[in-house]
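Numbers here simply count residues along the sequence, with the first being 1. Note that this is a predicted model, so its numbers are computed, not measured.
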Amino acid sequence: MAGQTGPRAADRTLEVLELVAQADGPVPAKALARTLGCALSTVYTLLAPLTERGYLVRTDGGYTLGYRISALHRAFRQQMGLADGIDGVLARMRHSTHASANYVAYQGDGLVIADVRTAAVEGAEPVDLTVGIDPRSHAYAHGKIALAAAGPAARRRYLEQPGLHRFTPHTIASAERLDRELRRIRRIGVALDVEEARPGLACLAAPVLGANGAVIGSVSLSVRPEDLRARRHQLIAAVKQAAREASPLALP
């Protein structure tokens, strides 16, 4: 690849794969070249190994994800312990509480969201959760579970970057107050947030444990703040029960 070798070439190859993955349909090579700001010949050089190995497929309209992606996804789900039974746990929790239920899997030091599943209640506004590093972790119940389980070094990194930004007047923006909150979560085994991440939204979460006892995810419920106040004990009991049911399904 002219002018690009080693890590830079690997970066560009991954950029191509990510651009195709993010697109709604086939992506022409010329569109990839424009987005990347490089020559069309360079893009074809990047595309060649991805198509040869089955990560991308060339169609009449451009490039789409290939069959090898599904194999990677299956392997990822197995490594993360994302068993199909998790969906059943969420469905039962949604049915018993009439609230939207979520499962969030953690990766690395616990502060990276690896996977999100939702069993939403019809008409309810969904919680905006995406994979990756979430700068709102200290504001959401599921993020507090992750922070409470993370080691001191990981928590320090979070305090430094992205930091304790305030999203509503109720967001915890003090390191000392957050530390007290995390100690409480470790003691009682459940995390709450009431309009800390978004006005009109309350969440509660409990940790999902892997085979080694480490926190690898959480189950959570999202409700209106007034609903949490009226049914607090019922919802806490439900989310703790769901976490107990989900933990045996987790492989790590």
**OP:** Determine, stepwise, if the pair R157 / E160 fulfils salt bridge (charged side-chain N to carboxylate O under 4.0 Å, His left out).
**Re:** CA-CA 5 Å; R157 286 197 300 273; E160 294 168 359; over 6 Å; no
Quick check: do [X] and [Y] have side-chain heavy atoms less than 4.5 Å from each other?
{"X": "R155", "Y": "L111", "result": "no"}
{"X": "Y140", "Y": "V104", "result": "no"}
{"X": "V27", "Y": "T35", "result": "no"}
{"X": "L201", "Y": "S222", "result": "yes"}
{"X": "N102", "Y": "L90", "result": "no"}
{"X": "T51", "Y": "V57", "result": "no"}
{"X": "L192", "Y": "C203", "result": "no"}
{"X": "V112", "Y": "Y106", "result": "no"}

Exercise: identify the closest heavy-atom pair between [X] and [Y]:
{"X": "P207", "Y": "S247", "value": "O-OG, 4.3 Å"}
{"X": "L56", "Y": "V16", "value": "CD1-CG1, 4.1 Å"}
{"X": "L221", "Y": "A99", "value": "CD2-CB, 4.1 Å"}
{"X": "F167", "Y": "P135", "value": "CZ-O, 3.6 Å"}
{"X": "R94", "Y": "A119", "value": "CD-O, 3.4 Å"}
{"X": "A205", "Y": "S220", "value": "CB-CB, 3.7 Å"}

Are [X] and [Y] connected in the hydrophobic side-chain network, where two residues link if heavy atoms are under 4.5 Å apart?
{"X": "L204", "Y": "V121", "result": "no"}
{"X": "V20", "Y": "Y44", "result": "yes"}
{"X": "L14", "Y": "L72", "result": "no"}

Under the 3.5 angstrom rule, does the side chain of [X] hit a backbone N or O of [Y] as a donor-acceptor pair?
{"X": "D193", "Y": "A141", "result": "yes"}
{"X": "T171", "Y": "A173", "result": "no"}
{"X": "R244", "Y": "V239", "result": "no"}
{"X": "T118", "Y": "A120", "result": "no"}
{"X": "R68", "Y": "R53", "result": "yes"}
{"X": "H138", "Y": "H165", "result": "yes"}

Once rounded to the nearest 0.5 Å, what's the spacing between atom [atom1] of [X] and atom [atom2] of [Y]?
{"X": "R224", "Y": "R231", "atom1": "CZ", "atom2": "CZ", "result": "8.5 Å"}
{"X": "S137", "Y": "H142", "atom1": "OG", "atom2": "NE2", "result": "5.5 Å"}
{"X": "L19", "Y": "Y63", "atom1": "CG", "atom2": "OH", "result": "14.0 Å"}
{"X": "L228", "Y": "I236", "atom1": "CG", "atom2": "CD1", "result": "7.0 Å"}
{"X": "L36", "Y": "L40", "atom1": "CG", "atom2": "CG", "result": "11.0 Å"}
{"X": "K240", "Y": "I188", "atom1": "NZ", "atom2": "CD1", "result": "6.5 Å"}

Original post:
Do E18 and Q22 have side-chain atoms, one donor and one acceptor, less than 3.5 Å apart?
Top reply: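 The criterion, which ignores hydrogens and geometry beyond distance, is not satisfied for Q22 and E18.
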Original post:
For Y103 and S218, does a side-chain donor sit closer than 3.5 Å to a side-chain acceptor?
Top reply: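 No, no side-chain donor-acceptor contact under 3.5 Å.
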Original post:
Does the pair D87 and R117 meet the rule for a salt bridge (charged side-chain N to carboxylate O under 4.0 Å, His left out), with working shown?
Top reply: CA-CA 8 Å; D87 293 323; R117 298 205 216 173; 2.8 Å; yes
Is it the case that atom [atom1] in [X] sees more than 12 heavy atoms from other parts of the structure closer than 6.0 Å?
{"X": "R58", "atom1": "CZ", "answer": "no"}
{"X": "R92", "atom1": "CZ", "answer": "yes"}
{"X": "I133", "atom1": "CD1", "answer": "no"}
{"X": "R186", "atom1": "CZ", "answer": "yes"}

Subject >> L32 and L46: CA distance, side-chain angles, deciding distance, side chain to side chain contact (heavy atoms under 4.5 Å, CB included) verdict >> reply: CA-CA 10 Å; L32 291 169; L46 295 169; over 6 Å; no
**OP:** Evaluate the criterion salt bridge (charged side-chain N to carboxylate O under 4.0 Å, His left out) for residue pair E196 and K144; output intermediate values, then yes/no.
**Re:** CA-CA 11 Å; E196 294 180 41; K144 293 180 184 181; 2.9 Å; yes
